[in-house]
Amino acid sequence: MRKKIAAANWKMNTLQSEGKTLVANLLSTLPALSESRQVVIAPPFTQLVNVTAQLQGHAHIHASAQNCATEKSGAYTGEISAAMVTDAGAAYVIIGHSERREYYKEDNATLVKKSDIALENGLQVIFCCGEPLSVRDAETQNQYVETQIREGLFHYSTEQLKNIVIAYEPIWAIGTGRTASAQQAQDMHAHIRSVIAGKFGAEAADDMSILYGGSVKASNAIELFSCPDVDGGLVGGASLVAEEFTGIITAMVNS
Ligand code: PGA
């Protein structure tokens with residue numbers, strides 16, 4: 001079943017007390033969620049256990065990690081394994097965020113290892129893709145994103161694909177205040193869905209949740225989420241302000 005999701009990516013922000021207040025404020029104003037209308041919160045690793053504890057008893061709102069290691073366990077100083085993420089109570093992990101691709105040089109082969117091990121550990125993967133401005137200016141964004149999806153996801157079975165959510169995040173729209181227009185988002189999401197359909201079939205493509213990310217705010221969420229192929233958002237900056245993110249959740253629930 002295709003789910004709509006409002007996902008918060010806190011990135012490297014908030015100390016424990018701030019995170020606790022943010023979640024408490026969100027929970028106090030949360031609209032009714034359901035199997036098909038879900039919320040995901042991705043705090044820094046150090047707060048995963050806190051967030052999971054706070055979400056206890058609240059259905060359809062889940063914790064997520066922002067990353068996981070390529071390896072299972074062992075001598076990898078500073079890494080956090082997928083098993084540790086599951087053990088901390090998270091249900092999701094974000095893989096392939098453009099900041100990981102760009103600043104930490106994570107290529108598609110690395111991302112495949114991460115997604116594989118995340119799925120093996122029962123996590124749902126939020127797989128990020130999206131083009132830089134130079135690619136958008138050259139109007140080759142469709143091919144660029146298709147390659148990311150082909151190299152990142154085409155080795156999975158249709159069954160495995162059910163545990164994957166795609167987040168399309170044009171890099172030029174992340175943290176810049178410059179959102180893709182609803183038409184640009186819809187066009188790319190429809191393209192992504194057709195790429196998935198070409199490989200996995202129409203049913204799998206129809207079931208796939210495809211989130212938009214890049215300067216989503218309460219004020220633009222309604223228009224973006226009303227596009228037929230936009231199934232919610234992956235939200236950075238605006239997810240750090242409880243009333244903004246509540247507005248985004250409400251737009252997702254009503255879409
Ligand atoms: P932004 O970040 O909402 O601050 O643009 C989105 C993301 O990077 O996931």
Side-chain angles (χ1 to χ4, degrees), residues 4-14 18-19 22 26 38-45 47-48 51 61-68 90-106 111 114-115 118 123-133 135-136 141 144-145 148-149 152 164-182 184-185 188-189 192 209-225 227 230-252 255:
K4 304 241 175 173
I5 300 172
N9 175 10
W10 291 0
K11 307 191 180 184
M12 198 173 70
N13 294 297
T14 71
E18 295 164 326
L22 189 48
L26 278 178
Q38 305 212 1
V39 172
V40 172
I41 299 178
F45 283 127
Q47 293 182 59
L48 264 185
V51 169
I61 171 162
H62 306 284
S64 172
Q66 299 173 16
N67 181 27
C68 72
Y92 285 81
V93 59
I94 299 171
I95 300 287
H97 191 281
S98 62
E99 288 151 16
R100 303 282 333 159
R101 292 178 188 260
E102 187 179 343
Y103 306 147
Y104 302 98
K105 308 289 173 242
E106 293 188 1
L111 300 178
K114 292 188 175 202
S115 302
L123 292 166
Q124 311 233 26
V125 170
I126 300 176
F127 179 84
C128 301
C129 57
E131 79 287 355
L133 187 56
V135 169
R136 173 63 64 166
Q141 66 272 9
Y144 187 93
V145 169
Q148 289 179 319
I149 296 206
I164 294 170
V165 168
I166 295 175
Y168 167 60
E169 301 202 299
I171 298 171
W172 46 271
I174 295 177
T176 57
R178 182 182 163 189
T179 320
S181 68
Q184 285 172 322
M188 179 57 85
H189 283 228
I192 292 171
S209 300
I210 307 176
L211 313 184
Y212 168 78
S215 301
V216 175
K217 302 186 275 283
S219 58
N220 58 27
I222 297 174
E223 194 190 357
L224 285 163
F225 298 173
C227 298
V230 177
D231 305 312
L234 178 56
V235 187
S239 74
L240 295 167
V241 182
E243 59 190 24
E244 269 292 312
F245 194 53
T246 303
I248 292 166
I249 295 171
T250 305
M252 178 277 295
S255 67

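All ligand and atom numbering here is 1-based and tracks the order in the structure.
- Listed by chain and number, residues touching ligand 1 at under 4.0 Å (heavy atoms only) are Asn9, Lys11, His97, Glu169, Ala173, Ile174, Gly175, Gly214, Ser215, Leu234, Val235, Gly236, Gly237.
- In this structure, Ala180 and Leu224 approach most closely via the heavy-atom pair O-CD2, 3.9 Å.
- Residues Tyr92 and Val165 come closest through the heavy atom pair CE2-CG2, 4.3 Å.
- With Asn9 contributing its side chain and Gly236 its backbone, the two residues share no donor-acceptor pair below 3.5 Å.
- Minimum heavy-atom separation, Val216 to Ala238: O-CB, 3.3 Å.
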Working for side chain to side chain contact (heavy atoms under 4.5 Å, CB included), residues Arg101 and Ile171: CA-CA 11 Å; Arg101 292 178 188 260; Ile171 298 171; over 6 Å; no
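- Below 30°, between 30° and 60°, or above 60°: for Tyr168 and His189 the angle between ring planes is above 60°, a perpendicular geometry.
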